[in-house]
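Each chain gets a letter, A, B and so on, in the order its sequence line appears, and its residues count up from 1.
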Protein chains: 2
Amino acid sequence: MARTREFDENIALDAAMKLFWEKGYEATSLSDLTARMGIQRPSIYSAFGDKKELFEATLRKYTMSHASDMRAQLQSHSSVKKAFLALFEGVVAEEYAVDRSRGCFCINTMVELAPHDEKFEILTREHQMYLAVIFQEAIERGVNSGELDAHTDPKALSQALVLSLIGLSVMVKSRPQRSFLDNAISVTLSLVK
Amino acid sequence: MARTREFDENIALDAAMKLFWEKGYEATSLSDLTARMGIQRPSIYSAFGDKKELFEATLRKYTMSHASDMRAQLQSHSSVKKAFLALFEGVVAEEYAVDRSRGCFCINTMVELAPHDEKFEILTREHQMYLAVIFQEAIERGVNSGELDAHTDPKALSQALVLSLIGLSVMVKSRPQRSFLDNAISVTLSLVK
DNA sequence: ATAATAACGTACTGTTCGGTACGTTATTTA
DNA sequence: TAAATAACGTACCGAACAGTACGTTATTAT
């Protein structure tokens, strides 16, 4: 009944996500967004709503993709210990790569918006809860296969690992010596035994 | 040789610190600052420089005060295990108190500014390094007193604890169930043995 | 007392902010 | 083919932004 949309909403949303992820909510302007999304300002508003709504859409996109990434990574090793080691070391390696990582978008949002906006408090909490469940399932696989101690408390251990992974993801932003991070990872993952 | 300053620079700086701490750098405007500091805009510029310089001054004030707080807390218990437990549980208790905590200003800055501003990358890194040293000293006291295992690696353990404490400080912003945090703390601090 | 000087309050600068009105263009349905 | 409709680009809105010019007031040193 009318003109068809000329841009791909998914591609545009992805561009917005990368920008918010890199700069945060406040530091990203509508002009930044139009430039990177390749569309005009009214197109953003008609397709995604206002700035906060667009941000929310990008965060939802991120958390879904991030959760399935994490799940896939944990399932890609037969050894649960090695899987967690690869996961933690991957965070470090990414940050120290030629073009540094953006870190974790959800963590950035927990810090910037969750304390002042209940919607993002809930959204970020639910993502962390989901990650904890993914971790727990991996640990339970390790217990069932006999790789991990039968006395392990999978739930509590997964929760501790989520906390440490968050800490690691934040700490790398200040670019400490890699030995600092390697030591910390090594000690933390000694809990997975 | 001239008129004397009518406001107390230290009090004004403290007000600015609390505001930046609560809202972050970008979300805090000069108008917010003049309102809370109780002084006019040109007074800010003459006493502290521009917005970024003022922010830096508040962060330096915070890190110094925070470091000595941490040191004091760790020294206030004869048992090192109890000292760390009180430290970690204190973060949780503060956040779930009637008026929620602002979290850790240094962590907020690591997330918001460190990735895009080398000055803050360095400043925040140095603070975390300093905290790690304080932690290490506490652990060494525990080893020397016989409370902790003689095979403990105080440096590596302290680094792991710094990471977990960062993770905890971020995670509380999304207000998960306390049992989540209690479990995670319990598992993490089982490393201190 | 007076000249020098620095802090003060007011009022302003140009710029950028998020958001939108509106006329134009392209597509679809009838 | 014509009417309807929605996406498009342009150009704008008032508000808020960080930062400053400037005249006034208070304090100091001479």
To the nearest angstrom, the NZ-C1' distance between K52(B) and dG19(D) comes to 15 Å
E53(A) CD to dT20(C) P, in whole Å, measures 10 Å
When rounded to whole Å, the OH to P distance for the pair Y45(B) and dC17(D) reads 12 Å
Of all heavy-atom pairs linking R100(B) and A114(A), the shortest is NH1-O, 4.4 Å
Heavy-atom nearest nucleotide on DNA chain C taken for E6(A) and for D32(A); more 5' hit belongs to D32(A)
When rounded to whole Å, the CZ to P distance for the pair F48(B) and dA18(D) reads 17 Å
Scanning both residues in full, the closest heavy-atom pair of Q73(A) with S76(A) reads O-OG, 2.7 Å
Here the distance between atom P of dT20(C) and atom CG of D50(A), to the nearest Å, is 8 Å
Taking any heavy-atom pair under 4.0 Å as a contact, classify T34(B): base, sugar-phosphate, or nothing. nothing
Report yes if at least one side-chain N or O of S29(A) is closer than 4.0 Å to OP1 or OP2 of dT16(C); otherwise report no.
no
Exercise for the section: May I ask you to check whether F120(B) and F55(B) place their ring centres under 6.0 Å from each other? Expected result: yes
Mutual orientation of the aromatic rings belonging to W21(B) and Y62(B) [parallel < 30°, tilted 30-60°, perpendicular > 60°]: perpendicular
note: I44(A), atom CD1; dT20(C), atom C1'; distance rounded to Å ~ 13 Å
- prompt: Taking atom types as they are modelled, is there a donor-acceptor pair under 3.5 Å from the base of dA7(D) to the side chain of R3(A)?
  reply: yes
- Name the nucleic acid region contacted by S31(A), choosing base, sugar-phosphate or nothing; use a 4.0 angstrom heavy-atom cut-off, strictly under. sugar-phosphate
With salt bridge (Lys or Arg N to Asp or Glu O under 4.0 Å) as the test, would you mind laying out the steps for E56(B) and R60(B) before giving the verdict?
CA-CA 6 Å; E56(B) 184 185 340; R60(B) 288 186 185 278; 2.9 Å; yes
With respect to the phosphate group of dA7(D), does any side-chain polar atom (N or O) of S43(A) fall under 4.0 Å of OP1 or OP2? no
Between dG18(C) and R41(A), counting only base atoms on the nucleotide and side-chain atoms on the residue, is there a donor-acceptor pair under 3.5 Å?
yes
Here the distance between atom P of dA26(D) and atom CZ of F7(B), to the nearest Å, is 17 Å
Over all strands shown, is S46(B) touching base, sugar-phosphate only, or nothing at heavy-atom distances under 4.0 angstrom? nothing
Separation of dC17(C) atom C1' from L54(A) atom CG, nearest Å, is 16 Å
